[in-house]
Amino acid sequence: MNYILILLVLLIIYIFYLYNKLVKEKVRCQEAEADIDVQLKRRNDLIPNLIETVKGYIKHEKGVLENVTKARAQIMQAKNTKEMLEKNNILTDALKTLFAVSENYPDLKANANFLELQRELSDTEDKIMAARRFYNANVREYNTSLESIPTNLVAQIFKTQFTPFELFEIENEKEKETPKVNF
(Lines give C-alpha, C1' and ligand atoms only; values in the text may rest on other atoms or scores of the structure.)
Protein backbone atom coordinates (compact mmCIF):
# COMPACT_ATOMS: atom_id res chain seq x y z
CA MET A 1 0.00 0.00 0.00
CA ASN A 2 2.86 2.39 0.83
CA TYR A 3 4.49 1.62 -2.52
CA ILE A 4 1.37 2.59 -4.40
CA LEU A 5 1.13 5.84 -2.47
CA ILE A 6 4.81 6.60 -3.12
CA LEU A 7 4.39 5.83 -6.84
CA LEU A 8 1.31 8.05 -6.99
CA VAL A 9 3.17 10.95 -5.33
CA LEU A 10 6.15 10.48 -7.68
CA LEU A 11 3.81 10.45 -10.66
CA ILE A 12 2.17 13.69 -9.52
CA ILE A 13 5.58 15.31 -9.00
CA TYR A 14 6.65 14.17 -12.46
CA ILE A 15 3.49 15.62 -14.02
CA PHE A 16 4.21 18.94 -12.25
CA TYR A 17 7.76 18.83 -13.60
CA LEU A 18 6.56 18.25 -17.18
CA TYR A 19 3.92 20.95 -16.88
CA ASN A 20 6.49 23.47 -15.62
CA LYS A 21 8.87 22.47 -18.41
CA LEU A 22 6.18 23.24 -21.00
CA VAL A 23 5.38 26.55 -19.32
CA LYS A 24 9.06 27.53 -19.35
CA GLU A 25 9.42 26.64 -23.04
CA LYS A 26 6.25 28.55 -23.92
CA VAL A 27 7.48 31.64 -22.08
CA ARG A 28 10.80 31.43 -23.94
CA CYS A 29 8.90 31.43 -27.24
CA GLN A 30 6.90 34.47 -26.16
CA GLU A 31 10.07 36.23 -25.04
CA ALA A 32 11.79 35.47 -28.35
CA GLU A 33 8.77 36.84 -30.23
CA ALA A 34 8.95 40.01 -28.13
CA ASP A 35 12.65 40.35 -29.01
CA ILE A 36 11.70 40.40 -32.69
CA ASP A 37 9.12 43.11 -31.98
CA VAL A 38 11.77 45.21 -30.20
CA GLN A 39 14.14 45.01 -33.17
CA LEU A 40 11.39 45.82 -35.66
CA LYS A 41 10.38 48.82 -33.57
CA ARG A 42 14.01 49.97 -33.42
CA ARG A 43 14.16 49.75 -37.18
CA ASN A 44 10.92 51.70 -37.58
CA ASP A 45 12.23 54.40 -35.25
CA LEU A 46 15.34 54.86 -37.42
CA ILE A 47 13.45 55.34 -40.67
CA PRO A 48 12.06 58.87 -40.09
CA ASN A 49 15.61 60.09 -39.40
CA LEU A 50 16.84 58.40 -42.54
CA ILE A 51 14.06 59.96 -44.63
CA GLU A 52 14.76 63.44 -43.24
CA THR A 53 18.47 63.05 -43.98
CA VAL A 54 17.83 61.87 -47.53
CA LYS A 55 15.03 64.34 -48.40
CA GLY A 56 17.32 67.26 -49.08
CA TYR A 57 19.53 65.30 -51.43
CA ILE A 58 17.20 63.29 -53.63
CA LYS A 59 14.45 65.74 -54.50
CA HIS A 60 13.86 64.06 -57.86
CA GLU A 61 13.36 60.62 -56.30
CA LYS A 62 10.19 61.41 -54.36
CA GLY A 63 8.58 58.04 -55.17
CA VAL A 64 11.39 56.18 -53.42
CA LEU A 65 10.82 58.11 -50.19
CA GLU A 66 7.06 57.63 -50.47
CA ASN A 67 7.52 53.87 -50.82
CA VAL A 68 9.69 53.74 -47.69
CA THR A 69 7.17 55.85 -45.76
CA LYS A 70 4.23 53.74 -46.97
CA ALA A 71 6.00 50.47 -46.09
CA ARG A 72 6.83 51.79 -42.61
CA ALA A 73 3.18 52.77 -42.09
CA GLN A 74 2.07 49.26 -43.03
CA ILE A 75 4.37 47.79 -40.39
CA MET A 76 2.99 50.17 -37.78
CA GLN A 77 -0.54 48.89 -38.58
CA ALA A 78 0.40 45.21 -38.26
CA LYS A 79 -1.63 43.32 -35.69
CA ASN A 80 0.99 40.74 -34.69
CA THR A 81 4.64 39.85 -35.10
CA LYS A 82 4.04 37.50 -38.03
CA GLU A 83 2.18 40.18 -39.99
CA MET A 84 4.85 42.70 -39.01
CA LEU A 85 7.56 40.44 -40.42
CA GLU A 86 5.62 39.99 -43.66
CA LYS A 87 5.32 43.77 -44.04
CA ASN A 88 9.00 44.00 -43.10
CA ASN A 89 9.90 42.38 -46.43
CA ILE A 90 8.19 45.25 -48.28
CA LEU A 91 10.14 47.76 -46.22
CA THR A 92 13.40 45.91 -46.86
CA ASP A 93 12.80 46.14 -50.62
CA ALA A 94 11.98 49.86 -50.35
CA LEU A 95 15.16 50.50 -48.34
CA LYS A 96 17.26 48.56 -50.86
CA THR A 97 15.89 50.84 -53.58
CA LEU A 98 16.62 53.91 -51.46
CA PHE A 99 20.22 52.84 -50.86
CA ALA A 100 20.65 52.00 -54.56
CA VAL A 101 19.38 55.47 -55.53
CA SER A 102 21.68 57.06 -52.96
CA GLU A 103 24.64 55.77 -54.99
CA ASN A 104 23.82 58.51 -57.54
CA TYR A 105 24.31 61.25 -54.93
CA PRO A 106 27.96 61.50 -53.82
CA ASP A 107 27.20 64.25 -51.28
CA LEU A 108 24.56 62.04 -49.64
CA LYS A 109 26.92 59.05 -49.55
CA ALA A 110 29.47 61.23 -47.73
CA ASN A 111 26.94 62.61 -45.22
CA ALA A 112 27.86 61.41 -41.70
CA ASN A 113 24.22 61.13 -40.57
CA PHE A 114 23.30 59.07 -43.61
CA LEU A 115 26.27 56.76 -43.14
CA GLU A 116 25.49 56.29 -39.44
CA LEU A 117 21.81 55.59 -40.13
CA GLN A 118 22.75 53.16 -42.89
CA ARG A 119 25.12 51.39 -40.47
CA GLU A 120 22.47 51.26 -37.73
CA LEU A 121 19.85 49.88 -40.12
CA SER A 122 22.28 47.21 -41.28
CA ASP A 123 23.05 46.35 -37.65
CA THR A 124 19.33 46.18 -36.88
CA GLU A 125 18.73 43.87 -39.85
CA ASP A 126 21.38 41.54 -38.42
CA LYS A 127 19.67 41.67 -35.03
CA ILE A 128 16.29 40.90 -36.60
CA MET A 129 17.77 37.84 -38.31
CA ALA A 130 19.38 36.72 -35.03
CA ALA A 131 16.09 37.24 -33.17
CA ARG A 132 14.28 35.14 -35.79
CA ARG A 133 16.82 32.33 -35.41
CA PHE A 134 16.52 32.50 -31.60
CA TYR A 135 12.73 32.42 -31.87
CA ASN A 136 12.77 29.46 -34.25
CA ALA A 137 15.15 27.52 -31.96
CA ASN A 138 12.83 28.05 -28.99
CA VAL A 139 9.73 27.18 -31.02
CA ARG A 140 11.39 24.02 -32.31
CA GLU A 141 12.19 22.92 -28.74
CA TYR A 142 8.71 23.76 -27.46
CA ASN A 143 6.85 22.16 -30.39
CA THR A 144 9.01 19.04 -30.07
CA SER A 145 8.06 18.78 -26.41
CA LEU A 146 4.39 19.09 -27.34
CA GLU A 147 4.73 16.04 -29.59
CA SER A 148 7.11 13.93 -27.50
CA ILE A 149 6.10 11.33 -24.97
CA PRO A 150 5.44 11.92 -22.04
CA THR A 151 5.15 15.72 -22.28
CA ASN A 152 2.53 15.37 -25.02
CA LEU A 153 0.26 13.64 -22.49
CA VAL A 154 0.50 16.62 -20.14
CA ALA A 155 0.00 18.99 -23.08
CA GLN A 156 -3.15 17.07 -24.05
CA ILE A 157 -4.54 17.41 -20.55
CA PHE A 158 -3.98 21.18 -20.69
CA LYS A 159 -4.46 21.58 -24.45
CA THR A 160 -6.04 25.03 -24.25
CA GLN A 161 -2.89 26.32 -22.57
CA PHE A 162 -0.29 24.58 -24.73
CA THR A 163 -0.70 25.14 -28.45
CA PRO A 164 2.12 24.99 -30.99
CA PHE A 165 3.86 28.13 -32.20
CA GLU A 166 4.55 28.76 -35.89
CA LEU A 167 8.10 28.99 -37.15
CA PHE A 168 9.11 32.11 -39.02
CA GLU A 169 9.94 31.10 -42.56
CA ILE A 170 10.94 33.05 -45.62
CA GLU A 171 7.75 33.52 -47.59
CA ASN A 172 9.14 35.81 -50.25
CA GLU A 173 10.43 33.54 -53.02
CA LYS A 174 12.95 36.19 -54.14
CA GLU A 175 14.71 35.95 -50.77
CA LYS A 176 15.15 32.18 -51.18
CA GLU A 177 16.91 32.50 -54.53
CA THR A 178 20.69 32.47 -54.78
CA PRO A 179 21.89 35.85 -56.03
CA LYS A 180 23.42 35.88 -59.50
CA VAL A 181 26.92 37.27 -59.60
CA ASN A 182 28.46 38.35 -62.91
CA PHE A 183 32.12 39.26 -63.27
Side-chain angles (χ1 to χ4, degrees), residues 24-143 164-183:
K24 188 186 310 181
E25 290 174 355
K26 180 180 176 184
V27 168
R28 281 187 192 147
C29 292
Q30 292 167 335
E31 177 187 6
E33 189 173 33
D35 287 346
I36 293 171
D37 287 342
V38 167
Q39 294 306 322
L40 290 173
K41 173 145 180 30
R42 179 175 185 256
R43 182 182 192 209
N44 284 341
D45 291 346
L46 290 171
I47 290 174
N49 295 332
L50 178 69
I51 289 172
E52 287 304 313
T53 302
V54 171
K55 261 185 191 174
Y57 290 95
I58 59 173
K59 293 175 181 145
H60 303 294
E61 311 286 350
K62 197 172 191 172
V64 173
L65 293 176
E66 287 173 0
N67 287 343
V68 171
T69 304
K70 193 184 313 179
R72 180 179 179 267
Q74 288 178 345
I75 287 177
M76 302 295 275
Q77 295 169 356
K79 294 173 183 68
N80 55 46
T81 305
K82 184 166 179 68
E83 189 178 330
M84 199 179 287
L85 282 167
E86 290 169 0
K87 305 292 183 187
N88 182 55
N89 293 334
I90 297 168
L91 181 58
T92 298
D93 289 343
L95 286 171
K96 284 178 186 175
T97 303
L98 175 66
F99 291 134
V101 166
S102 73
E103 295 292 321
N104 298 329
Y105 299 89
D107 292 342
L108 175 60
K109 284 178 25 182
N111 182 293
N113 286 342
F114 179 75
L115 293 173
E116 178 61 20
L117 288 167
Q118 194 174 22
R119 187 196 62 73
E120 282 192 44
L121 278 169
S122 177
D123 180 53
T124 302
E125 289 295 330
D126 291 342
K127 288 178 181 177
I128 290 169
M129 285 189 301
R132 278 178 161 178
R133 284 192 304 269
F134 179 69
Y135 172 84
N136 280 345
N138 282 299
V139 166
R140 183 190 68 241
E141 185 176 327
Y142 173 71
N143 287 348
F165 280 80
E166 286 186 47
L167 292 169
F168 284 123
E169 299 175 18
I170 296 175
E171 294 179 12
N172 184 345
E173 290 299 318
K174 290 192 303 186
E175 289 184 44
K176 291 181 183 180
E177 295 175 7
T178 304
K180 294 181 176 125
V181 179
N182 295 322
F183 294 102

If we ignore hydrogens and angles and just use 3.5 Å, is the side chain of [X] paired with the main-chain N or O of [Y] as donor and acceptor?
X	Y	value
S102	F99	yes
T53	N49	yes
N111	D107	no

For [X] against [Y], the heavy-atom pair lying closest together:
X	Y	value
C29	N138	SG-O, 3.4 Å
I90	A71	CG2-CB, 3.9 Å
N89	R132	OD1-NH2, 4.3 Å

Does the pair [X]/[Y] count as a salt bridge with the N-to-O cut at 4.0 Å?
X	Y	value
K127	D123	yes
R28	E31	no
R119	E116	yes

Side-chain heavy-atom pair [X], [Y] within 4.5 angstrom cut-off:
X	Y	answer
E125	T92	yes
L115	Q118	yes
L98	I51	no
L121	L50	yes
V101	V54	no
Y135	V139	yes

Nearest 0.5 angstrom please: [X] [atom1] to [Y] [atom2], how far?
X	Y	atom1	atom2	result
I75	L40	CD1	CG	6.5 Å
K24	Y142	NZ	OH	14.5 Å
D35	Q30	CG	CD	12.0 Å
N143	F165	CG	CZ	8.5 Å

>> Strictly by side-chain hydrogen bond (donor to acceptor under 3.5 Å, both in side chains), give each pair with a member in residues 68-79 just once, sequence neighbours left out.
In response: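 Counting only pairs at least two positions apart or across chains, no side-chain hydrogen bond (donor to acceptor under 3.5 Å, both in side chains) contact touches residues 68-79.
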
> Between K41 and D45, does a salt bridge (Lys or Arg N to Asp or Glu O under 4.0 Å) hold up when you go through it step by step?
Replying inline: CA-CA 6 Å; K41 173 145 180 30; D45 291 346; 3.1 Å; yes

>> Exactly one of T124, N44, D126 should register a side-chain contact (heavy atoms from CB on, under 4.5 Å) with Q39. Which one does?
In response: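 Of the listed residues T124, N44, D126, the side-chain contact (heavy atoms from CB on, under 4.5 Å) partner of Q39 is T124.
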
